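Each remark here refers to the structure printed beneath this line.
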Amino acid sequence: MAARFNPLEADARWQKLWEEQGTFHASGDGDRPRAYVLEMFPYPSGRIHMGHVRNYTMGDVLARYRRMSGFDVLHPMGWDAFGMPAENAAMEKKVHPGAWTRSNIDTMRAQLKRLGFALDWSRELATCDPSYYGHEQALFLDLHEAGLVYRKQSEVNWDPVDMTVLANEQVIDGRGWRSGALVERRKLSQWFLKITDFADELLDGLGRLDQWPDKVRLMQENWIGKSQGMRFRFDLETPLTGREGPGVGSAEGGRTSKSDGSLRSPPTPDPSLAGRGIDSFEVFTTRPDTIFGASFAAISPDHPIAAALAESNPALADFIAECKQGGTTAAELETAEKKGFDTGVRVIHPLDPTWTLPLYVANFVLMDYGTGAIFGCPAHDQRDLDFARKYGLPVTRVVAPSPEEAEEPIGEEAYSGPGRLVNSRFLDGLTAEDAIREVIARAEAEGWGEGTTVWRLRDWGVSRQRYWGTPIPIVHCDACGPVAVPRDRLPVVLPEDIDFETPGNPLDRHPTWSRIDCPDCGGPARRETDTLDTFVDSSWYFIRFASQPADAPFDRAEAERWLPVDQYIGGVEHAILHLLYARFWTRALQRIGRLDVEEPFKGLFTQGMVTHVTFQDSEGKWLTPEEAEGHAGPVTRGRVEKMSKSKRNTVDPEPIVDQYGADAVRWFMLSDSPPERDLEWSEAGIQGSWRFVQRIWRLAAEEAGRGSSTWLGGGGGGGGDMALERKVHRTIAAVGANIEALAFNKAVANLYELTNALEKAPASPSRSRAVETLIRLAAPMVPHLAEEAWAAMGREGAIALAQWPVADPDLLVEEEVTIAVQVNGKLRDTLTAPKGSAKEALEEMALASEKVIRALEGKAPRKVIVVPDRLVNVVA
RNA sequence: GCCCCUGUGGUGGAAUUGGUAGACGCGCUCGACUCAAAAUCGAGUUCCGCAAGGAGUGCCGGUUCGAUUCCGGCCGGGGGCACCA
């Protein structure tokens with residue numbers, strides 16, 4: 001047996017063997033319990049980076065541990081293969097997006113295989129294959145039939161130079177990231193999925209996801225943004241025209257729901273309303289209790305009433321135009337002044353027909369939240385207060401924390417705390433909560449308002465005006481309107497002959513692709529040229545992994561046997577969108593009766609980033625660590641930051657694997673930093689991991705060289721290094737518990753401790769068995785080394801399929817314990833005593849201690865606290 | 001602005017339900033082996049102090065026999081949402 005472990009030779013040998021023997025195939029039959037371990041599949045950007053290595057190593061340890069613990073494990077891998085970068089590459093490098101993507105996949109698959117991940121490659125999928133996206137089109141049509149898909153006009157960011165739609169992230173300071181052109185808002189007809197239909201369920205379900213990080217649940221909760229309150233009508237003192245007409249922004253208004261939970265789409269301001277007669281509008285508030293503190297009403301500049309009034313009021317039209325100019329970046333909004341325009345119109349207070357309030361158009365009122373209109377209560381809302389001070393509006397306190405403060409004037413700070421109602425007529429004396437109920441009850445009884453719920457969540461716009469995505473399987477016919485592509489004509493395949501020379505959507509300008517006969521009437525029609533948001537692709541891939549028949553998206557029974565995913569691991573950057581969309585998609589499939597799974601991911605873990613030091617030269621140019629070392633001028637060592645190409649601090653995993661082997665890299669990824677926190681890459685760290693791999697190897701080689709296999713087979717008994725045996729069994733218990741808890745850094749520390757103990761222990765049958773146990777415990781983390789050592793020690797079969805050691809409960813308890821002895825809570829001495837010693841005995845031993853006597857300085861103990869097997873505290 | 005998380009040696013971080021703070025790794029110091037270096041092995045490493053001893057988990061206070069842990073108030077770092085009514 002070699003003195004050193006040579007990964008360059010061993011890694012590939014074992015990887016080949018695992019592949020040949022199908023070691024990691026999920027069988028899906030038999031009665032073993034099942035475990036589905038999944039890491040977020042990568043976008044094939046070119047090469048694997050350290051973040052992938054960390055993510056997949058964590059999942060791999062869990063998958064291997066579960067397999068050794070007797071589970072039938074599903075641990076698949078695939079490619080989130082549609083998206084913008086492929087089109088960018090096509091434009092810049094003149095390669096076809098498909099060719100670019102597939103070549104990247106080949107590179108990255110080879111890189112992943114070199115890391116020895118225990119993946120079931122037989123289930124590999126790429127979302128850009130028609131064999132995947134064709135099924136996605138079928139599911140889209142299922143949702144369409146079920147009424148969960150609709151089409152409406154929606155604003156997009158339009159780059160007039162590239163003639164393309166931009167995602168919000170691609171708009172930088174109001175300009176297109178590629179062209180630098182000023183971005184325009186443009187209205188396009190787009191497809192939406194009714195995720196808001198599920199807002200309540202998605203929110204409610206969060207409460208039962210007890211294996212998700214609180215942080216992610218909170219982020220989703222905020223994103224869904226449920227606000228309970230009241231919607232009510234303000235009548236205008238004088239209708240806008242003489243004719244009676246319907247209220248505006250009322251029943252159709254806002255993403256609101258009645259108490260039955262039904263949701264409506266947001267309003268599309270209708271210019272024709274102007275002149276049709278407007279006599280009222282609705283506002284939304286979460287504080288109906290403060291209704292007697294109202295001092296103005298305000299509507300959004302986008303509100304139909306604002307538009308109607310502007311027609312005869314040029315100053316207002318100017319004001320509205322001015323509001324639309326403002327930037328939308330966080331910083332601009334932060335400093336943006338609260339501005340309003342007094343329309344001169346007055347509205348009637350719903351609880352007092354003699355009381356009228358001025359109506360403003362205000363720049364801080366958003367059309368797409370609530371009803372696009374508010375009432376202002378300056379005393380109890382800071383924004384309203386700022387506004388009221390600026391325009392000299394009255395400020396009346398209506399909530400006071402105590403009766404004495406009822407007439408306390410409001411200064412520059414609005415009061416939003418608890419209290420009882422004052423200056424509020426029939427509400428006086430009620431708590432805020434009771435007053436809310438009372439006002440809603442009266443409004444509902446009198447018919448001018450109702451309790452309601454408003455959501456921040458919007459429906460999911462899935463149309464993308466791009467080539468490299470799943471074609472939306474719809475045909476537009478002048479006679480029949482939008483028509484679904486018949487199922488037997490799926491998949492709608494992307495054309496291969498595509499031109500990226502001219503700007504715009506390549507599908508749109510393809511000479512023939514979009515021409516088609518209408519499936520309904522046979523007349524001339526056009527294909528939908530938008531493709532689906534790539535988040536749709538990733539909303540169901542975990543189902544396809546579990547079951548992949550050729551003729552259907554999945555087999556229901558088989559998918560239900562694997563789902564939900566037991567442990568999902570990925571970056572926190574997907575905390576909201578991807579995870580919310582996947583939850584929605586799963587529930588939508590459940591609602592239409594395709595799959596009886598409520599939540600796709602039972603356990604979720606979000607791992608930290610891999611970081612590295614940064615360097616800059618005197619001019620602020622980023623330098624790689626290698627450049628910094630040999631740099632002529634002065635070099636500044638910057639902060640430790642996430643590895644990124646722009647900061648030039650990336651470390652390519654492949655050369656590291658070449659140098660140290662897969663196991664040292666994997667070990668480093670698991671060491672030191674808790675997995676949810678950032679991990680700083682360092683050369684010293686990887687060298688430390690390399691040393692540890694060799695230390696385990698030496699122990700194994702030593703025992704193998706001893707010819708100790710005779711001891712190993714010799715059934716549990718003899719050998720008698722009981723201290724070591726106890727250490728081993730404590731380690732078995734600790735490593736298992738820590739892997740279960742995904743506390744890999746602690747499992748790593750447990751293995752270091754056992755290794756330290758083994759290196760010090762004299763040869764014995766106990767030690768030989770202990771080394772074998774160490775190899776098995778380390779196998780999920782350093783699998784190549786473990787296989788090699790396993791074979792060298794003469795064991796049969798792959799260690800990947802060997803049994804996880806079982807801790808003997810009898811060996812987990814210590815015979816002797818160390819007791820801390822305190823005087824007045826300060827440690828003065830320690831003593832050893834048999835486990836389970838009587839309180840009296842421990843007290844006696846403690847009081848006899850020299851150090852205790854000295855610390856007492858002659859004072860008599862007033863009280864002695866004894867915690868069995870832990871400590872004695874003498875109080876004097 | 002609102003919400004959430006976090007603060008422990010030179011450093012990454014450990015520490016069941018409150019019960020010996022600093023496990024384990026990295027780094028560093030000294031020593032062994034070597035002509036030398038690397039690798040490896042051994043000893044040490046919270047701070048002050050020769051020692052006895054004292055101080056110590058961001059800061060201030062509280063509860064407790066006992067607080068890194070629980071409570072209140074500050075300060076620092078990170079994240080999410082953001083003119084959300």
Side-chain angles (χ1 to χ4, degrees), chain A residues 3-4 213-223 225-227 229 254-255 283-287 290 298 300 326 328 330 332-339 362-366 368-377 380-384 386-387 416 454-456 572-573 575-576 640 667-668 671-674 676-680 682-689 691-692 694-695 698 737 743 745-756 759-760 818-831 854 861-876:
Chain A
R4 297 191 104 192
D214 290 343
K215 182 171 75 166
V216 174
R217 292 197 287 177
L218 189 72
M219 281 162 70
Q220 292 212 351
E221 192 181 318
N222 289 340
W223 187 262
K226 182 178 188 173
S227 286
R255 242 163 308 280
V283 299
F284 172 74
T285 178
T286 55
R287 293 294 302 274
T290 63
S300 164
T328 51
E332 283 170 307
L333 288 176
E334 183 82 47
T335 52
E337 204 184 342
K338 307 277 173 284
K339 281 187 289 195
N363 66 346
F364 63 90
V365 181
L366 304 175
D368 56 5
Y369 182 80
T371 59
I374 61 163
F375 85 85
C377 176
H380 305 288
D381 181 285
Q382 191 59 45
R383 214 178 17 197
D384 293 349
D386 295 344
F387 193 82
S416 57
V454 168
W455 306 86
R456 210 189 74 99
V572 73
E573 66 273 20
I576 296 174
V640 173
W667 185 259
F668 179 74
S671 304
D672 290 352
S673 287
E676 69 277 12
R677 285 202 221 164
D678 291 352
L679 170 70
E680 188 186 344
S682 76
E683 190 61 27
I686 183 69
Q687 282 172 14
S689 298
R691 278 201 296 276
F692 180 71
Q694 295 300 342
R695 278 172 70 193
R698 270 196 300 279
N745 59 320
K746 295 187 213 170
V748 161
N750 299 144
L751 292 176
Y752 269 116
E753 280 194 61
L754 181 58
T755 304
N756 290 343
E759 283 173 344
K760 288 191 174 68
T818 307
I819 307 287
V821 181
Q822 300 178 335
V823 175
N824 293 330
K826 279 194 177 172
L827 184 72
R828 294 298 174 184
D829 201 1
T830 59
L831 50 90
R854 203 174 337 136
R862 279 193 292 128
K863 189 174 168 189
V864 180
I865 286 143
V866 182
V867 182
D869 296 333
R870 280 210 173 268
L871 65 64
V872 179
N873 187 12
V874 181
V875 185

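Lettering of chains follows the sequences in order, A, B, ..., and the numbering in each one begins at 1. A quick note: this is a predicted structure, and the numbers were derived from the prediction, not measured.
When distances run from any side-chain atom of A:R695 to the nucleotides B:C41, B:C84, B:C26, the shortest one goes to B:C41. Distances were taken from every side-chain heavy atom of A:Q822 (C-beta onward) to each of B:A14, B:G19, B:C83; the shortest belongs to B:G19. Closest approach to the A:R456 side chain among B:A82, B:A52, B:U20 is made by B:A82 (side chain taken as heavy atoms from C-beta onward). Of the candidates B:C24, B:U20, B:G80, the closest approach to any side-chain atom of A:N756 belongs to B:C24.
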Contacts under 3.5 Å, N or O only, protein and nucleotides 8-12 of chain B:
from	atom 1	to	atom 2	distance (Å)
B:G12	O2'	A:S673	OG	3.0
B:G12	N2	A:D672	OD1	3.0

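A gap of 23 Å separates the C1' atoms of B:G42 and B:U46, to the nearest Å. B:G10 and B:C59: their P atoms are spaced 14 Å apart (whole Å). Nucleotides B:G12 and B:C81 place their P atoms 28 Å apart, quoted to the nearest Å. Nucleotides B:C30 and B:C35 place their C1' atoms 22 Å apart, quoted to the nearest Å. Distance check on atom C1': B:U17 versus B:C70 gives 12 Å, rounded to whole Å. For B:A51 and B:A32, the P atoms lie 24 Å apart once the distance is rounded to whole Å. Distance check on atom P: B:A21 versus B:A67 gives 10 Å, rounded to whole Å. When the C1' atom is used for both B:C65 and B:G53, the distance is 23 Å, rounded to whole Å.
Base engagement by A:V365 is indicated by at least one non-hydrogen atom pair under 4.0 Å involving a base atom. A:E753 comes within 4.0 angstrom of the backbone, heavy atoms only, and of no base. Residue contacts shown for A:R698 are limited to sugar-phosphate atoms, with no base heavy atom under 4.0 Å away. No contact: A:D214 has no heavy atom under 4.0 Å from any strand. As judged by a 4.0 angstrom heavy-atom cut-off over every strand, A:N750 is placed among residues making no nucleic acid contact. Nucleic acid contact for A:R217: none, since no nucleic acid atom lies under 4.0 Å from a heavy atom of the residue. Across all strands, A:T818 comes closer than 4.0 Å to base atoms (heavy-atom distances). Residue A:L218 is in sugar-phosphate contact alone, with no base atom involved, counting any heavy-atom pair closer than 4.0 Å across all strands shown.
Position along RNA chain B of the nearest nucleotide to A:A373 versus A:G685 favours A:G685 as the more 5'-ward residue. Each of A:E676 and A:V875 has a nearest nucleotide on RNA chain B; the 5'-most of these lies closest to A:E676.
Aromatic pair A:Y369/A:W455: centroids not less than 6.0 angstrom apart.
One atom, CD of A:Q382, and another, C1' of B:C83, lie 13 Å apart when rounded to the nearest Å. Distance CG (A:D384) to P (B:A85): 11 Å, rounded to an integer number of Å. Between A:L827 atom CG and B:A67 atom C1' the separation is 15 Å, expressed in whole Å. Distance A:R862 CZ to B:C65 C1': 9 Å, rounded to the nearest Å.
By the neighbour-count criterion of 12 heavy atoms within 6.0 Å, atom NZ of A:K215 is sparsely surrounded, having that number or fewer from other residues, nucleotides or ligands.
A 4.5 Å side-chain heavy-atom check between A:V872 and A:I865 finds every atom pair outside the cut-off. Side-chain contact between A:I819 and A:R870: absent, with no pair of heavy atoms (C-beta onward) separated by less than 4.5 Å.
In this structure, the salt bridge (charged side-chain N to carboxylate O under 4.0 Å, His left out) partners of A:E759, at least two apart in sequence or on a different chain, are A:R695. Take A:D386 and apply the side chain to side chain donor-acceptor pair (under 3.5 Å) test, not counting sequence neighbours, and it matches A:Q382. Applying the side chain to side chain donor-acceptor pair (under 3.5 Å) test to A:R217 and every residue at least two apart in sequence or in another chain returns A:D214. A:K746 pairs by the salt bridge (charged side-chain N to carboxylate O under 4.0 Å, His left out) definition with nothing, not counting sequence neighbours.
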side-chain contact (heavy atoms from CB on, under 4.5 Å) assessment of A:H380 paired with A:T290: CA-CA 8 Å; A:H380 305 288; A:T290 63; 4.2 Å; yes
For RNA chain B, what is the dot-bracket line, given that a base pair needs Watson-Crick (N1 to N3, plus N6-O4 or O6-N4) or G-U wobble (N1-O2 and O6-N3) geometry with both distances under 3.5 Å, and | means paired with another strand? (((((((..(((......[....)))((((((.......))))))(((....)))..(((((..]....))))))))))))....
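Evaluation of atom-type donor-acceptor distances gives a pair under 3.5 Å for the side chain of A:N873 against the base of B:C65.
A:D384 places a side-chain N or O within 3.5 Å of a backbone atom of A:C377 that can act as its donor or acceptor partner. A:S300 places no side-chain N or O within 3.5 Å of a backbone atom of A:G372 that could act as its donor or acceptor partner.
In B:G58 the O4'-C1'-N dihedral to the base is more than 90° from 0, which defines an anti nucleotide.
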